[in-house]
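Worksheet for the structure shown next.
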2 protein chains.
Amino acid sequence: MNNSASPRATAPRGRIRRENEARILEAAERVFAETGLAGATMAQIAQASGLPKANLHYYFGTKEQLYQAVLTAILELWLDATDAMLPESDPALALASYVRAKMRHSRTRPFASRVFANELLSGAPYLTDYLEIDLKQRVEAKSRIIAGWIADGRMAALDPRHLFFMIWAMTQTYADFAVQIRAVMSVESLDDTAWEEATDEVISFVLRGCGITPAASAP
Amino acid sequence: MNNSASPRATAPRGRIRRENEARILEAAERVFAETGLAGATMAQIAQASGLPKANLHYYFGTKEQLYQAVLTAILELWLDATDAMLPESDPALALASYVRAKMRHSRTRPFASRVFANELLSGAPYLTDYLEIDLKQRVEAKSRIIAGWIADGRMAALDPRHLFFMIWAMTQTYADFAVQIRAVMSVESLDDTAWEEATDEVISFVLRGCGITPAASAP
DNA sequence: AAAGAAATTGACCGCTTGGTCAACTTGTTT
DNA sequence: AAACAAGTTGACCAAGCGGTCAATTTCTTT
C-alpha cells in the first residue's frame with residue numbers, strides 16, 4: 001500500500017515510450033546517415049532497431065516525421081556546444097578548444113554528422129530555418145568577436161565566415177568521409193592515437209592558418 | 001556522289017548515341033548529386049534529361065550501370081587534374097595552384113563533387129578500388145614530395161596526408177555544402193567576386209597553415 | 001529506293017515501398 | 001481483479017519502383 005513511497009515500484013508513466021523512441025531514433029540516425037531521407041527505407045530502420053515496422057509508425061507516424069525528429073535531436077546537439085569564444089578569450093585557446101570539440105563530435109557522433117551532411121547535399125529542405133536564422137546569427141555573433149581579435153592584432157586578417165566554413169569542413173571530413181581517410185591511411189578504423197594525431201594536426205594547422213603561434217602551454 | 005569527300009555530309013556513326021549518352025550522364029549526375037544512388041529514381045533522371053525512361057535503359061542497362069558510368073566519368077575528371085607538385089616546385093606556388101584548381105573544380109562541377117560526397121557518405125561501395133589503390137598511391141607520392149619540402153625547411157612540419165584531407169575538405173565544402181554557405185552569407189548564389197574571395201581566403205589560410213609566408217609575387 | 005541497323009517509346013510486369021488496421025497482449029490504475 | 005490505456009504485430013493495400021518488350025520510326029548504308 002505504501003508504493004507511493006517507492007515511485008519506481010512498477011514503472012514511471014511513459015517509460016516504454018521513451019525507451020522505444022530512443023531506440024528507434026538511434027537506429028534511424030544510423031540508417032539515414034548512410035543514404036539520406038530518400039534512400040533510407042522504413043524496413044531498414046525497423047531491422048536496425050530490432051522492432052517491427054508497424055511499431056515505428058506507431059511512435060513516429062510517417063518517415064518524414066521520424067526524419068524530422070532525428071534532425072531536431074541533431075540540431076539540439078549542435079547548438080548545445082557551448083564554446084567559450086568570448087572577446088576576452090585567448091584566440092589560441094578558444095580556437096583550439098573549438099576545433100577540439102568539433103573533432104570530438106566527429107568521433108563520438110559520426111552518424112549525426114553524416115545525416116546533416118546528407119541533408120545539406122540534398123539542398124537542406126528541412127533545414128532552411130535553422131541555416132538562415134539560428135546558424136547565421138551565431139556565425140555573425142562569433143564573427144564579430146573574431147573581427148575584434150583581428151582588429152587588436154591578435155591574429156591574421158581573414159574573413160571569419162570563411163574561417164568557420166573551413167573549420168567545419170576540416171573537422172567534419174573525419175566523420176563524413178571516414179572511408180576515404182581509412183583507405184588512404186590503410187587502417188580498419190582510427191584508434192585513440194590516430195584521433196589524437198588528427199586533432200593535433202587540425203589544431204596546429206588552424207592556429208597557424210590564423211597567424212597564431214601555438215600558445216606556449218595549455219594545462 | 002562526291003559525299004565521300006565530305007565525310008560530315010550526313011552524320012558520323014554513333015553520333016546520336018554519343019549525344020544521348022552525354023545528355024543522360026549529365027542529367028544523372030545532377031540527380032545522383034542530390035540524393036545518391038539509393039535515393040535517385042530512373043523516372044527523375046528521365047525527366048531531367050528530357051528522354052523517356054525506356055531510353056535510359058536502352059543506353060545504360062540498369063540504374064547501377066548508369067551510376068557507375070557517372071562515377072567513372074567523375075574519377076577521370078578527378079585524376080586528370082595534372083597538378084605541378086614536383087620536388088623542385090616552390091611550395092607556395094604549388095600549393096596555391098593546387099587549391100585554386102580544387103576551388104575551380106568545386107565551382108564548375110559541383111554536381112560531380114556531390115555525387116562523390118554521397119558515395120563516400122554511404123561507405124563508398126563502388127569506390128573501394130579507387131580509394132585503396134589509385135588515391136592512396138597518389139597521396140603517398142605527393143606526400144613524399146611534401147615531406148621533402150619539410151625536410152628542406154621550406155614549410156612547417158605536418159603530416160602530408162592530413163594536409164590533403166584538410167585541403168579536400170575545405171575546397172569541396174564550397175560545392176557540397178553550398179546551401180549552408182549561401183544561407184550564412186545571405187546570397188542567392190556566389191558570384192565571380194565571391195568565388196575569388198573564397199579562393200583567396202582558402203589559399204592564404206592553407207599557406208599560413210603550412211607555415212609559408214605567401215610568395216611575394218606570382219605572375 | 002531498298003534493306004538492314006539503330007533508336008524511340010507506350011504499355012506493361014513483378015516487386016518493393018510507405019503506410020494502415022484490427023486483433024491481440026501487456027502495463028497501469030483503481 | 002476488474003477495467004481501461006498503452007503497446008505490439010502480422011497481414012494487407014495502393015502507389016511507385018526498376019526493368020522489359022514489341023511495335024514503330026528514324027537513320028545509315030548500298
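By convention in this document, chain letters (A, B, ...) are assigned in the order of the sequence lines, proteins followed by strands, and residues within each chain are numbered from 1.
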Once base and sugar-phosphate atoms are separated, protein heavy atoms under 4.0 Å mark nucleotides 10-24 of chain D, 5' to 3', with B, S and - as B------SBBBB---
Sorted by chain and residue number, the side-chain contact (heavy atoms from CB on, under 4.5 Å) partners of Asn118(A) (sequence neighbours excluded) come out as Asn118(B), Leu121(B)
Arg182(A) meets the salt bridge (charged side-chain N to carboxylate O under 4.0 Å, His left out) criterion, sequence neighbours left out, with none
Rounded to whole Å, the CD-C1' distance (Gln65(A) to dG18(C)) equals 12 Å
Separation of dT26(C) atom C1' from Asn55(A) atom CG, nearest Å, is 13 Å
note: Gln47(A), atom CD; dT17(C), atom P; distance rounded to Å ~ 11 Å
Residues 94-119 of chain A vs ring-ring contact (aromatic ring centres under 6.0 Å, His included), sequence neighbours excluded, gives Trp78(A)-His105(A), Trp78(A)-Phe116(A), Tyr98(A)-Phe164(A)
| Does Tyr59(B) have a side-chain nitrogen or oxygen under 4.0 Å from the phosphate oxygens OP1 or OP2 of dA6(C)? | no
The ring-ring contact (aromatic ring centres under 6.0 Å, His included) partners of Tyr126(A) (sequence neighbours excluded) come to Tyr67(A)
Glu19(B) atom CD is separated from dT8(C) atom C1', nearest whole Å, by 15 Å
To the nearest angstrom, the CZ-C1' distance between Phe60(A) and dG18(C) comes to 16 Å
* Verify the contact: side-chain N or O of Arg17(B) to OP1 or OP2 of dA6(C), cut-off strictly under 4.0 Å; return yes or no. => no
Those residues at least two apart in sequence (or on a different chain) that pass ring-ring contact (aromatic ring centres under 6.0 Å, His included) with Phe205(B) are Phe205(A)
Rounded to whole Å, the CD1-P distance (Ile16(B) to dT8(C)) equals 6 Å
Between CG of Leu56(A) and P of dT17(C) the distance, given in whole Å, is 14 Å
Across all chains, not counting sequence neighbours, the ring-ring contact (aromatic ring centres under 6.0 Å, His included) partners of Trp149(B) are none
Just N and O in the side chain of Asn20(A): are any of them under 4.0 Å from OP1 or OP2 of dT8(D)? yes
Across all chains, not counting sequence neighbours, the ring-ring contact (aromatic ring centres under 6.0 Å, His included) partners of His162(A) are Phe165(A), Tyr174(B)
Those residues at least two apart in sequence (or on a different chain) that pass salt bridge (charged side-chain N to carboxylate O under 4.0 Å, His left out) with Lys53(B) are none
For atom CD of Glu188(B), decide whether the heavy atoms of other residues, nucleotides or ligands shown that lie under 6.0 angstrom number more than 12.
-> no
Under a 4.0 Å heavy-atom cutoff, the residues of residues 28-36 of chain A touching DNA chain C are none
Residues in residues 115-124 of chain A with a heavy atom under 4.0 Å of DNA chain C, by number, are none
Residues passing the salt bridge (charged side-chain N to carboxylate O under 4.0 Å, His left out) test with Glu119(B), sequence neighbours excluded, are none
Arg18(B) atom CZ is separated from dA7(C) atom C1', nearest whole Å, by 15 Å
When rounded to the nearest 0.5 Å, the distance separating CZ of Arg114(A) from CD1 of Ile74(A) is 12.0 Å
